[in-house]
Structures are given as C-alpha cells and as structure tokens.
Amino acid sequence: MNLFITGTDTDVGKTAITAGLAAVMQSLGYKSGVYKPFQSGAQEKNGFYVSPDLAFIKKIDFYIETLCSYSLKPPAAPLIAAEIDGVNMSLLTVEREFQALKQKCEVVLVEGAGGLMVPVLPEKTIADVIKLLNIPVLIVARPDLGTVNHTLLTINQAKTMGMEVSGVLINRYPSGTEDAAIKTAPRLIEEYSDAKVLGIIPNIPDFQNIKPGEFIDIFINNVDIEKIFNIQIPKLNMNL
C-alpha cells in the first residue's frame, strides 16, 4: 500500500494531505512511513538542513517513520536548488532509500515537489521519479477557478506516461461556498476523465497548530480511505 502524492501545482497542500493520510493509516494499525525524496526550502537546525514538511508529519504522529534524501536550502525546483547548494543528486539513492523505508513500513507515502513536471535532475522530472518507484499516484488539487484544467492536464500527463492514477483529492474546500466554479469542479473532473474524486477536504485555517485527533477525524470523515488504500475499515457496532 504505497502512494506517490503529487499536486496540480505548488502550494496545494500536499504535506497536509500526506500527513493526514499517514496519520489515519497509523491510527488504524498500519505501520506508516513518509518519504520526501527532495525538500526544497529546507530549514537550518543545529547546523543541518531539515525538512519542515517531515517535521509537521512528526508533530501529527511521532511514530510515523520519515525519511528525506536531499534537504536543499533554496525554495526552488530541486534541480535548481541542488545546483545552488552544490549537491549531486542521484535517482539510485532515491530508489534505494524508498526500498529501505518499505522494509520498515506497511504503508509508504512519497511526497513530491510541486507537480509532475518539476525538474529534479537534468532531463528528469518528478514524473520520472514516480515511474522509477512504480507506485500509483494520488493527485492533490485546489478547489478554485482553473482547477479543472490543471487537474485534467495532470491526469492526462500521468496516463500518457503510463502511471496508475489512484484518484484526486480536492484540498482547502471553502465551507458553504456558492461559487459555481468551485461547486462544479469535482463533477467536471470526473466527467472529463476516468479518475475519481476520492475526497474533499475542508479549508483548515490554522492547520499547523491543529490537534492530531481533530486532524485525523477530518480525513476519516471527508476522504474515502478504503478506496485509496484498498482496505476495509471495521465499522462500529452501534448496538453495543
């Protein structure tokens, strides 16, 4: 049960989605791990660059295994960030460390950088990383105007490159919206592709400070966990 979490663009909330899914699976008894091959915009701590994305995941659930291969300071595409930092990156390292995390965990979520076509090495993009790891891709989309186009382009590109698309999650959905573009986006994404919208996550204004239990509840109540991970969640016996 491994997934690659990509986005239709940068800043669509991939880290929050990755953290939520990993925390839910961990809470259900599945040993979970999150792998971040490339972290641009890394933060300095005790003389080392660390991943703020993985730090957030640890804050939600300390027992989730986390691993980052390349922590890069500049907030840019991994290819450019590595050039600026003078770091030589290798997809062999990415594959090896992903396989190592798989040995420890029943579920591994791999969080990408930006979208499918973000450059990571010369002539290599995030899409090439997904193909190398050979796992299904889950697409995170924003809810507002333009998301249908961006999401369909991402789905089509993934399919063209031979990837398995697990589905789409729409993140930061505004409560009580009457915006026609936002309200019709989930239907149009499904009508114009063969991908399913497997969850609509409400906007969480201060998600960085949310309590872990509340965060998990949001995902259990708004995401089709069973379809994403092909599992069956035991139902509570209400007669007890």
Side-chain angles (χ1 to χ4, degrees), residues 3-25 27 34 36 39-41 51-61 64 75 77 109-118 126 136-155 157-158 165-193 195-229:
L3 282 174
F4 197 104
I5 312 297
T6 193
T8 54
D9 198 354
T10 191
D11 196 32
V12 294
K14 293 187 303 299
T15 298
I17 297 299
T18 303
L21 294 178
V24 168
M25 294 302 284
S27 73
V34 173
K36 184 86 176 174
Q39 173 69 70
S40 298
S51 167
D53 296 348
L54 296 185
F56 174 72
I57 288 163
K58 281 291 191 183
K59 181 179 177 182
I60 294 296
D61 190 330
I64 295 173
L109 302 179
V110 184
E111 184 188 341
L116 289 180
M117 303 311 294
V118 170
I126 287 291
V137 60
L138 184 67
I139 299 168
V140 181
R142 56 171 53 103
D144 45 356
L145 183 65
T147 197
V148 173
N149 178 63
H150 294 161
T151 306
L152 294 178
L153 285 172
T154 302
I155 293 168
Q157 182 66 20
V165 177
S166 175
V168 176
L169 295 182
I170 298 178
N171 192 30
R172 300 173 181 156
Y173 197 87
S175 175
T177 183
E178 292 300 325
D179 187 309
I182 295 175
K183 291 174 68 175
T184 58
R187 172 172 64 85
L188 292 177
I189 289 168
E190 292 192 339
E191 285 183 1
Y192 284 82
S193 74
K196 296 295 182 183
V197 176
L198 298 179
I200 299 176
I201 298 91
N203 186 42
I204 308 169
D206 191 21
F207 82 91
Q208 288 282 353
N209 295 312
I210 194 170
K211 294 179 180 178
E214 294 176 2
F215 198 56
I216 290 172
D217 284 345
I218 288 172
F219 279 80
I220 288 177
N221 293 326
N222 294 281
V223 177
D224 195 335
I225 298 294
E226 293 184 323
K227 285 188 178 178
I228 289 176
F229 293 101

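Just so you know, these numbers use all the heavy atoms, side chains as well, and skip hydrogens, waters and symmetry mates. One-based numbering along the sequence shown.
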On a heavy-atom basis, the closest approach of L109 and T18 is CD1-O, 3.5 Å

Under the side chain to side chain contact (heavy atoms under 4.5 Å, CB included) criterion, do I189 and I170 qualify, and how do the steps go?
CA-CA 10 Å; I189 289 168; I170 298 178; 4.2 Å; yes

Side chains of D61 and I216, heavy atoms from C-beta outward: is any pair under 4.5 Å?
no

Where do S193 and I155 come nearest, in terms of heavy atoms and distance?
OG-CD1, 3.7 Å

Exam field: side chain N171 to backbone V12, donor-acceptor pair closer than 3.5 Å
yes

For V165 versus A195, what's the shortest heavy-atom pair and its separation?
CG1-CB, 4.3 Å

Polar side-chain atom of T147 near backbone of P143 as donor-acceptor pair, under 3.5 Å:
no

Work out which heavy atom in D179 is nearest to a heavy atom in T177; give both atom names and the distance.
N-OG1, 3.1 Å

Are L169 and L198 side-chain neighbours, meaning at least one heavy-atom pair lies under 4.5 Å?
yes

For a 4.5 angstrom cut-off between non-hydrogen side-chain atoms, does L138 reach L21?
yes

Decide if atom CG of L145 counts as having more than 12 heavy atoms of other residues, nucleotides or ligands within a radius under 6.0 Å.
no

Does atom NZ of K227 have more than 12 heavy-atom neighbours from other groups under 6.0 Å away?
no

Please report the interatomic distance OG1(T8) to CD(Q157), rounded to the nearest 0.5 Å.
14.0 Å

Shortest non-hydrogen separation from M25 to I225 and the atoms involved
SD-CG2, 4.0 Å

Step by step, work out the side chain to side chain contact (heavy atoms under 4.5 Å, CB included) result for F4 and I126.
CA-CA 10 Å; F4 197 104; I126 287 291; 3.8 Å; yes

Spell out, as yes or no, whether a donor-acceptor pair under 3.5 Å connects the side chain of K58 to the backbone of I64.
yes

Over all heavy atoms of both residues, which pair between S40 and A77 is shortest? Give the atoms and the distance, please.
OG-C, 4.1 Å

Main chain of G112, side chain of K36: is a donor-acceptor contact present, judged purely on distance under 3.5 Å?
yes

Given side chains that start at C-beta, do those of D53 and E111 come closer than 4.5 Å, heavy atoms only?
yes

Side-chain donor-acceptor contacts of residues 199-212 below 3.5 Å, not counting sequence neighbours, with atom names and distances?
unit_1: D206; atom_1: OD1; unit_2: N209; atom_2: ND2; d: 3.1
unit_1: D206; atom_1: OD2; unit_2: N209; atom_2: ND2; d: 3.0

Would you indicate whether the side-chain heavy atoms of V168 and E190 approach each other to under 4.5 Å?
no

